[in-house]
Amino acid sequence: MNRTAMRASQKDFENAMNQVKLLKKDPGNEVKLKLYSLYKQATEGPCNMPKPGVFDLINKAKWDAWNALGSLPKETARQNYVDLVSSLSSSLESSSQVEPGTDRKSTGYETLMVTSEDGITKIMLNRPTKKNALNVEMYHEIMHALKAASKDDSAITVLTGNGDYYSSGNDLTNFTDIPPGGVEEKAKNGAILLREFVGCFIDFPKPLIAVVNGPAVGISVTLLGLFDAVYASDRATFHTPFSHLGQSPEGCSSYTFPKIMSPAKATEMLVFGKKLTAGEACAQGLVTEVFPDSTFQKEVWTRLKAFAKLPPNAMRISKEIIRNREKEKLHAVNAEECSVLQGRWLSDECMNAVVNFLSRKSKL
Ligand SMILES: CCCC/C=C/CC(=O)SCCNC(=O)CCNC(=O)[C@H](O)C(C)(C)COP(=O)(O)OP(=O)(O)OC[C@H]1O[C@@H](n2cnc3c(N)ncnc32)[C@H](O)[C@@H]1OP(=O)(O)O
């Protein structure tokens with residue numbers, strides 16, 4: 001577009017503001033920050049507000065975005081805002097990277113797709129545009145789905161992801177919504193939620209299988225130690241960057257990983273954040289079997305359908321005898337990990353890592 005020839009009028013600007021409210025899809029935080037900063041620059045000029053504190057994550061990200069525009073003239077900011085909205089209106093209406101039908105809320109869940117057929121309850125993480133990051137709602141919905149699956153008439157339960165990721169782990173925006181009790185209350189609530197969430201996996205009574213369709217990060221990896229089988233596409237990777245995030249292991253991985261893969265290999269993953277390929281994770285016992293991505297879904301589901309035809313009570317009882325003597329220990333480990341993490345979430349190391357991700361200064 002020739003910016004010297006084009007000059008957005010106040011009317012164009014107002015129309016663009018209305019168009020933003022009508023966007024059918026969330027354009028994402030980065031674009032929202034850009035829109036915010038251009039709007040402020042266009043209406044108020046350069047940012048001369050005091051910089052918010054480091055813990056005020058959302059306002060700090062907004063301030064950073066506005067301040068980054070420097071002395072950009074109001075008219076140029078107005079034009080850029082109008083151009084940005086116009087590009088969004090066309091791209092967000094036409095683009096769809098997600099399988100058709102995946103936006104349906106057919107199961108009553110907002111963040112999951114849950115289906116039950118052929119003796120299998122499939123719980124599919126369904127935030128593909130956010131790489132299936134686990135927000136607070138998703139934690140609650142997974143717990144609900146697991147409790148329902150433990151009582152339904154399916155023989156086995158499967159967890160998988162929609163889109164190119166299995167899951168990118170904890171949604172880092174979970175850290176931004178600070179309650180009136182401040183960051184201490186936030187950390188306490190997080191620890192309570194995490195303990196209950198992991199507890200549901202420890203106590204799940206039927207065979208629980210992970211179908212790892214793509215990269216897995218953080219808590220989506222650590223929980224795998226509590227599954228009964230883990231099938232992975234050769235596109236999947238396994239990454240627990242806890243130290244990078246100023247955090248510490250959860251999902252009972254401080255206990256299960258050293259047992260599964262040896263203390264040194266567990267340290268490479270959980271302390272040094274070494275990312276494993278599917279083949280490496282299989283060699284270390286975290287993954288049961290790896291399949292070529294091109295045949296992954298077909299091969300895995302054929303196998304799972306055969307498993308689901310086995311007598312369900314025999315499978316339950318066999319799982320119980322394999323897992324039960326560890327249960328008490330696992331609950332104790334879970335409690336300890338949550339308590340340590342509660343402290344970590346209040347550390348500068350963790351706060352800085354989250355701020356860096358949210359202001360897009362870092363990625364894994
Ligand atoms: C209360 C219980 C707490 C339990 C604690 C658990 C600990 C953990 O799970 S630690 C692991 C936390 N996860 C991460 O640090 C991953 C952060 N994400 C990334 O580094 C990258 O997004 C990626 C490497 C996973 C993917 O990079 P890629 O370039 O392919 O895609 P993006 O453009 O970055 O992502 C698309 C979209 O999704 C958003 N997103 C992805 N992962 C997360 C996440 N974990 N939290 C929040 N948002 C996430 C990303 O911001 C993009 O959103 P926008 O389109 O709106 O910008």
Side-chain angles (χ1 to χ4, degrees), residues 23 25-36 57-58 61 65 88 91-92 95 97-98 111 125-143 161-177 179 183 185-201 214-224 235-254 269-270 273 275 334 337-346 349-350 352-364:
L23 288 176
K25 286 187 188 152
D26 187 329
N29 289 340
E30 207 166 340
V31 172
K32 283 195 279 198
L33 278 177
K34 187 87 204 150
L35 285 169
Y36 168 83
L57 297 174
I58 293 178
L88 285 176
S91 72
L92 288 181
S95 77
Q97 303 167 318
V98 183
T111 65
L125 309 177
N126 190 28
R127 297 182 74 217
T129 57
K130 299 289 177 188
K131 309 292 182 192
N132 297 322
L134 279 83
N135 62 8
V136 171
E137 186 173 24
M138 197 189 268
Y139 285 108
H140 284 289
E141 290 195 345
I142 293 171
M143 289 194 278
N162 184 21
D164 60 343
Y165 260 65
Y166 175 66
S167 167
S168 62
N170 187 40
D171 189 317
L172 295 174
T173 66
N174 287 340
F175 288 102
T176 58
D177 177 22
V183 283
E185 187 185 333
K186 179 84 200 164
K188 187 170 158 223
N189 293 344
I192 292 170
L193 173 63
L194 180 61
R195 187 170 169 183
E196 192 188 350
F197 178 72
V198 174
C200 287
F201 286 82
V217 185
I219 190 165
S220 73
V221 177
T222 56
L223 283 174
L224 296 176
R235 224 174 39 75
T237 52
F238 299 82
H239 192 193
T240 49
F242 299 131
S243 300
H244 300 70
L245 294 166
Q247 297 184 38
S248 52
E250 24 61 358
C252 295
S253 58
S254 63
M269 278 196 86
L270 298 175
K275 188 193 284 189
N334 182 26
E337 287 178 347
C338 292
S339 149
V340 172
L341 251 181
Q342 183 175 337
R344 285 278 85 214
W345 287 329
L346 296 172
E349 288 177 345
C350 176
N352 289 337
V354 172
V355 168
N356 280 341
F357 174 77
L358 295 177
S359 55
R360 283 301 185 279
K361 286 190 199 128
S362 80
K363 256 186 202 181
L364 291 174

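Order of listing sets the numbers, starting from 1, for every ligand and every atom in it. For the single chain, residues carry numbers from 1 onward in sequence order.
- Using a heavy-atom distance under 4.0 Å as the criterion, the protein contacts of ligand 1 are Gly28, Asn29, Thr129, Lys130, Lys131, Ala133, Tyr139, Tyr165, Ser168, Gly169, Asn170, Asp171, Leu172, Gly190, Leu194, Val217, Gly218, Ile219, Phe242, Leu245, Gln247, Glu250, Trp345, Phe357, Arg360, Lys363, Leu364.
- Between the Glu337 side chain and the Cys252 main chain, a donor and an acceptor come within less than 3.5 Å of each other.
- Among residues two or more places apart in sequence or in another chain, the salt bridge (charged side-chain N to carboxylate O under 4.0 Å, His left out) test is passed with Lys188 by none.
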I'd like a table of donor-acceptor pairs (distance under 3.5 Å, sequence neighbours excluded) in which one partner is a side-chain atom from residues 238-245, with atom names and distances.
unit_1: His239; atom_1: NE2; unit_2: Gly273; atom_2: O; d: 3.2
unit_1: Thr240; atom_1: OG1; unit_2: Met269; atom_2: O; d: 2.9
unit_1: Ser243; atom_1: OG; unit_2: Val271; atom_2: O; d: 2.5

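- Atom CZ of Arg195 sits in a sparse spot, with 12 or fewer heavy atoms from other residues, nucleotides or ligands closer than 6.0 Å.
- Residues satisfying the ring pair (Phe, Tyr, Trp, His ring centres under 6.0 Å) criterion with Tyr139, sequence neighbours excluded, are Phe197.
- With hydrogens and angles disregarded, no donor-acceptor distance shorter than 3.5 Å links the side chain of Asn135 to the backbone of Asp171.
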